[in-house]
Amino acid sequence: MKNHIVSAFRLTLVMLAVVGVYLIFVYGGSKILPTQGNAEIINYKGQKFYANIGQEFKSDQYFQGRPSSVNYNAAGSGGSNKGPSNKEYLETVEKRIDTLKMKNPEMGNTKVPAELVTASGSGLDPDISKEGALYQAKRIAKVRNLSEEQIKNLINTQTEKPLLGLFGPAKINVLKLNIALDQLK
């Protein structure tokens, strides 16, 4: 019995050391990031927005982000837990595709980027792909009386490259894109 207690105590000490080193590594690593591991807060028109939490944009003059399974409520983050074999989920995605095609009739039968009709695991993803933004470019240009070229240039300047050019996809923060869109003349 004594041997088991000593072994358990040793294992506890080893795990405390391993987890402690891991936590120090993660904490230290976060401090070298531009936001130092904190939320990125954007003040715009007297309001405070969190750039790392998806926002809802209903107006046709703005780019739409990913749908949210939690209505963009950061306190209730989570996915729907429904997979591609779930009939209700497929109906929801089909409705989103139909709505997106109705809002963007200029795109015809162009393939709809998946992130524009499927929610992320957290339901709060603030980013879309460059393809997702380009899919909406013609609508935005038309509604705002801008050239499509201006919108595409804006999309290009707002595209964040993968980390070190290797890790993750290129992405665009929808909130930052829409703020830059408002500032476009």
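Predicted, not measured: the structure shown is a model, and the values here were computed from it. Atom set for the values below is all heavy atoms of this structure, side chains included, hydrogens, waters and symmetry mates excluded.
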message = Once side-chain hydrogen bond (donor to acceptor under 3.5 Å, both in side chains) is applied, do any residues pair with K138, and if so which ones, sequence neighbours excluded?
response = none
note = Interatomic distance, CG@L134 vs OG@S129, rounded to 0.5 Å, equals 8.0 Å
ask   = What pair of heavy atoms forms the shortest contact from K101 to Y135, and how long is it?
value = CG-OH, 3.8 Å
Closest non-hydrogen atom pair between V117 and L100, with its separation = CG1-CD2, 4.2 Å
Distance in Å, K103 NZ paired with L116 CG, rounded so as to fall on 0.5 Å steps = 11.0 Å
task = Quick one: pull up CG in N43 and CZ in F49 and give me the separation to the nearest 0.5 Å.
result = 9.0 Å
ask   = If you draw the axis of the six-membered ring of Y62, does the NZ or CZ of R144 fall within 45° of it and under 6.0 Å from the ring centre?
value = yes
ask   = Looking at F63 and R139, what are the two nearest heavy atoms and their distance?
value = CA-NH2, 4.1 Å
inquiry  = Is it true that, when you exclude K142 itself, more than 12 heavy atoms of the residues, nucleotides or ligands shown sit nearer than 6.0 Å to its NZ?
reply    = no
message = A side-chain contact here means heavy atoms from C-beta on lying under 4.5 Å apart; do L146 and I140 qualify?
response = no
task = Group every Ile, Leu, Val, Met, Phe, Trp and Tyr by side-chain heavy-atom contacts under 4.5 Å, then state whether I42 and F57 land in the same group.
result = yes
request  = For E115 and D125, run side-chain contact (heavy atoms from CB on, under 4.5 Å): C-alpha distance rounded to whole Å, both residues' side-chain angles, the deciding distance at 0.1 Å, then the answer.
outcome  = CA-CA 10 Å; E115 80 270 7; D125 191 349; over 6 Å; no
request  = Grab the two heavy atoms, one from R66 and one from I128, that are nearest each other, plus how far apart they are.
outcome  = N-CG2, 4.0 Å
request  = Please assess N153 against E149 for the test side-chain contact (heavy atoms from CB on, under 4.5 Å), listing each intermediate value before the final yes or no.
outcome  = CA-CA 6 Å; N153 287 338; E149 194 61 34; 3.6 Å; yes
query = Yes or no on side-chain contact (heavy atoms from CB on, under 4.5 Å) for Q55 and N178, after CA distance, side-chain angles and deciding distance?
reply = CA-CA 11 Å; Q55 311 285 323; N178 284 330; over 6 Å; no
note = Smallest heavy-atom separation, N173 atom then A51 atom, equals ND2-O, 2.7 Å
query = Atom CZ in R10, atom OG1 in T12: separation rounded to 0.5 Å?
reply = 12.0 Å
query = More than 12 non-hydrogen atoms from neighbouring residues, nucleotides or ligands closer than 6.0 Å to NZ on K95, yes or no?
reply = no
inquiry  = Any non-hydrogen side-chain atom of Y44 less than 4.5 Å from a side-chain atom of L175?
reply    = no
query = Going only through I, L, V, M, F, W and Y residues with side-chain contacts under 4.5 Å, is there a path from V19 to V26?
reply = yes
inquiry  = Nearest 0.5 angstrom please: R96 CZ to Q64 CD, how far?
reply    = 12.5 Å
query = Is there a side-chain contact between K2 and I5, using heavy atoms and a 4.5 Å cut-off?
reply = no
query = Any chance OH of Y50 has more than 12 other-residue heavy atoms, nucleotides or ligands included, within less than 6.0 Å?
reply = no
request  = List the atom of P162, the atom of P169, and the distance in Å for their closest heavy-atom pair.
outcome  = CG-C, 4.0 Å
task = Could you check if a side-chain atom of E106 sits within less than 4.5 angstrom of a side-chain atom of E148, using non-hydrogen atoms only?
result = no
query = Going by heavy atoms in the side chains, are V93 and Y89 under 4.5 Å from each other?
reply = yes
inquiry  = Within this structure, what is the CG-CD1 distance for the pair N156 and I151, rounded to the nearest 0.5 Å?
reply    = 11.5 Å
ask   = So which of N52, V70, N73 actually passes side chain to side chain contact (heavy atoms under 4.5 Å, CB included) with L124?
value = V70
